2 protein chains.
Amino acid sequence: MTTATTTRRIGVNGVPKAATIADVAARAGVSVPTVSRVLTGAARVSPGKRELVEQAIAELNFRPSAAARLLVSRRPQVVAVIAGDTSRYGYAETIRGVEEAARAEGYTVMITVVESPDEEEIDRAISATLSQPLAGVVVLKFDPAGVAALAHIPRDLPVVALSGIRDASIPQAVLDETRAAEEITEYLLGLGHETVHHVRIPPSRREDGRTTGWRRALRRHGASIPEPSDATWEPKSGQAIGIALAADPTVTAVFCGNDEIAMGVIRGLVDSGKRVPDDVSVVGFDNHPLAELWTPPLTTVEQDFAGMGGRGFRLLLDEIEGTLGRRYSSERPRMIIRSSAGPR
Amino acid sequence: MTTATTTRRIGVNGVPKAATIADVAARAGVSVPTVSRVLTGAARVSPGKRELVEQAIAELNFRPSAAARLLVSRRPQVVAVIAGDTSRYGYAETIRGVEEAARAEGYTVMITVVESPDEEEIDRAISATLSQPLAGVVVLKFDPAGVAALAHIPRDLPVVALSGIRDASIPQAVLDETRAAEEITEYLLGLGHETVHHVRIPPSRREDGRTTGWRRALRRHGASIPEPSDATWEPKSGQAIGIALAADPTVTAVFCGNDEIAMGVIRGLVDSGKRVPDDVSVVGFDNHPLAELWTPPLTTVEQDFAGMGGRGFRLLLDEIEGTLGRRYSSERPRMIIRSSAGPR
DNA sequence: GTGAAAGCGCTAACAA
DNA sequence: TTGTTAGCGCTTTCAC
């Protein structure tokens, strides 16, 4: 009879070795499969033995080996999210939405950031992730890196893309930015502005939906189409653009690629002596949490990034489980009128 | 002799079954370990066989089973990050720092959010993560949920905590907020303000370092210690507090728990007809990316969250690899003087 | 209800 | 350099 001490198994180099299911079985005086049964609840075990097993588990501080389980049951409960960034508002919220939906279904989320669309860089970043046991992958294709990453996912792994514009044939959750950009541009035109200038954020491909929608609205209304300015992701880059825009008297309305850039643009405009919206109207995109607190409060387009993340995960889950489901989910962002835009 | 067609193995229910190392070996006409050798590069293989193996791998579209590898080589390359939130500035940046450092070392990051300090909630959130093969865990203990989560990590798993104040005996990377809060409060006092009011963000425990530092500075200077106001994480909650503060004529300087709250407070103050900094000085904490673009540009304390994340990961890596290293890393945030605070 | 035996897909040890 | 033999720690038949 073994004594009831909680001696740990000692590994080769003195490192305590984790208890295995066999140790538990031995201590409880039952067979290995019986321990497995109480662990998984797959089959019934008599109350007496169950009790013994549970006690042994507690005494040995036993935790089943995830790797062994995975090998035999082959149902990874992890999805990888591949993104070009994690901390910017849109990305962070999207990831939050994926994580929340995943957690609700018992899945865990793995994050991989691909910083550049460079092939080698992508390979390095992604291979570490793809060598994990994965149930599926969510790709945020808001930028070139994300788009490029998509091509590197093995075709036998369930995948879903999240973006602002529909394109490929893979399952996708989108936030229809094109329509929304069209709407807000038309709103500005309706206010009496002859045309609307545009400051774009780094596009994911040749042209983003935000820019396309803006262009489309101007064209439909027969307005002239000014050359867009290019901002980086840094809000500060908007400031320099605002200063430049202030020097151009034809600028009376500006549609910015996102709220943070709009804030920078307003700062630059105001620094140059312009009043917003009296002299120049400025609108943003995304409805950043600080948009309503800005001076003046920003007219913008609300984007439910977290919602898109959740829809994306659910699409992925359908693929993983082989459920017949929709392979596409789109939502139309809605305009929020505050006071950074006014009549000409 | 087998034909060179790329027939897929068919599983029980018609689902294509992934190729195994044995399939590759058979197709290449070599033994299983030889395939393993070219896969891992652990031992030399003759160019001829290597070529055959590589060809077979390509033809079969073979990817090694992560689960099997994990089981036998027992070196998980994944660290879990447990956080109370993922999208707020400080959290998002910290996670970004962990991810970046991890990626550089070939590790992948898993995210788990614990929304409340409720025991059951934590258990559910965490157990999915802990049942994965993990090399270690990084806990962000910026809030009660994070603090509570720490208690649920098995003691045999390497852990590191990230926070704004030193406490426990586990390895920890911190941003010394107490000292920084003291410094910025003193700065305000030095400007001639009789005392400094304080708006705090939800604390991780009884009292945060930011509040402690503020209190300490006031005490040392013999200033009266006003009752702090409590904000939520929402910037907008600062607005209501700003309005309340505007009604109190003794308020001439306000130290806010973070920049987003400071922005809300300023908005509320301005809405109530106060000028910042002429009537009331307001300072924040964190140096949020929008702080310098705010009206007026915010005086604040720069916190290198990403840096802390990186330091934390490296501490964890030392534990994982059993390297003798420091178990504690602290950094002093530095004050950034802009124009939201001025003389009394 | 329970145990014996088989096997998941890979790497590590050992011979040859 | 290469193949044979053993496992890794679990779950899953299949008898009893």
Side-chain angles (χ1 to χ4, degrees), chain A residues 9 11-13 15-54 56-57 60-77 130-134 156, chain B residues 9 11-13 15-54 56-57 60-77 130-134 156:
Chain A
R9 291 171 59 195
V12 271
N13 29 23
V15 180
K17 212 173 158 188
T20 72
I21 198 174
D23 299 328
V24 174
R27 183 170 200 111
V30 302
S31 71
V32 166
T34 294
V35 177
S36 174
R37 282 169 194 128
V38 348
L39 246 29
T40 62
R44 278 215 292 273
V45 172
S46 66
K49 303 219 162 186
R50 146 163 282 120
E51 171 71 18
L52 283 168
V53 169
E54 275 162 354
I57 287 175
L60 292 175
N61 206 285
F62 167 78
R63 284 183 309 131
S65 150
R69 282 196 146 162
L70 233 32
L71 177 57
V72 67
S73 66
R74 57 184 103 241
R75 257 163 218 71
Q77 296 270 85
L130 293 181
S131 72
Q132 301 302 135
L134 254 31
D156 53 349
Chain B
R9 293 171 58 195
V12 272
N13 28 24
V15 180
K17 213 174 158 189
T20 72
I21 198 174
D23 300 327
V24 174
R27 184 171 199 110
V30 301
S31 72
V32 166
T34 295
V35 177
S36 174
R37 283 170 195 127
V38 346
L39 247 29
T40 61
R44 277 215 293 274
V45 172
S46 67
K49 303 222 163 184
R50 148 164 283 122
E51 171 70 18
L52 283 167
V53 169
E54 275 163 354
I57 287 176
L60 293 174
N61 207 285
F62 168 78
R63 284 185 311 130
S65 150
R69 282 194 146 164
L70 233 32
L71 177 58
V72 67
S73 67
R74 58 184 102 241
R75 260 165 218 70
Q77 295 270 83
L130 293 181
S131 72
Q132 302 301 134
L134 253 32
D156 53 349

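Remember, predicted model here, so these are calculated numbers, not experimental data. To find a chain, count down the sequence lines: A is the first, B the second, and so on, and within it residues start at 1.
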With respect to the side chain of [X], which nucleotide from [options] is positioned closest?
{"X": "A:P33", "options": "C:dC10, D:dT12, D:dC10", "value": "D:dT12"}
{"X": "A:S46", "options": "D:dG3, C:dG1, C:dG9", "value": "C:dG1"}
{"X": "B:V32", "options": "D:dT2, D:dG9, C:dT11", "value": "C:dT11"}
{"X": "B:I21", "options": "C:dG3, D:dC10, C:dC10", "value": "C:dC10"}
{"X": "A:S31", "options": "C:dG3, D:dC10, D:dG3", "value": "C:dG3"}
{"X": "A:T20", "options": "D:dG9, D:dT2, D:dG7", "value": "D:dG9"}

Residue whose nearest DNA chain D nucleotide is more 5′ - B:A68 or A:A42: B:A68
Verdict with supporting geometry, A:R44 and A:R50, side-chain contact (heavy atoms from CB on, under 4.5 Å): CA-CA 9 Å; A:R44 278 215 292 273; A:R50 146 163 282 120; over 6 Å; no
When the distance from [atom1] of [X] to [atom2] of [N] is rounded to whole Å, what number comes out?
{"X": "B:K49", "N": "D:dT2", "atom1": "NZ", "atom2": "C1'", "answer": "6 Å"}
{"X": "B:R44", "N": "D:dT2", "atom1": "CZ", "atom2": "P", "answer": "11 Å"}
{"X": "A:R75", "N": "D:dC10", "atom1": "CZ", "atom2": "C1'", "answer": "14 Å"}
{"X": "A:L70", "N": "D:dT12", "atom1": "CG", "atom2": "C1'", "answer": "16 Å"}
{"X": "A:R37", "N": "D:dC10", "atom1": "CZ", "atom2": "C1'", "answer": "13 Å"}
{"X": "A:L39", "N": "D:dC10", "atom1": "CG", "atom2": "P", "answer": "8 Å"}
{"X": "A:L71", "N": "D:dT11", "atom1": "CG", "atom2": "P", "answer": "11 Å"}
{"X": "B:R69", "N": "C:dA12", "atom1": "CZ", "atom2": "C1'", "answer": "14 Å"}

Sugar-phosphate, base or nothing in reach of A:V35, heavy atoms under 4.0 Å: nothing
Touch class at under 4.0 angstrom, heavy-atom based, for A:S73 against every strand present: nothing
Any B:T34 side-chain N or O less than 4.0 Å from OP1/OP2 of D:dT2: no
Side-chain N or O of A:S65 closer than 4.0 Å to phosphate OP1/OP2 of D:dG9: no
B:E54 side, atom CD; B:L39 side, atom CG - distance, nearest 0.5 Å: 9.5 Å
Test side-chain contact (heavy atoms from CB on, under 4.5 Å) applied to B:V32 and B:V35, step by step: CA-CA 5 Å; B:V32 166; B:V35 177; 5.7 Å; no
Working for side-chain contact (heavy atoms from CB on, under 4.5 Å), residues A:R69 and A:T40: CA-CA 10 Å; A:R69 282 196 146 162; A:T40 62; 4.1 Å; yes
Sub-4.5 Å side-chain heavy-atom contact between B:R37 and B:P33: yes
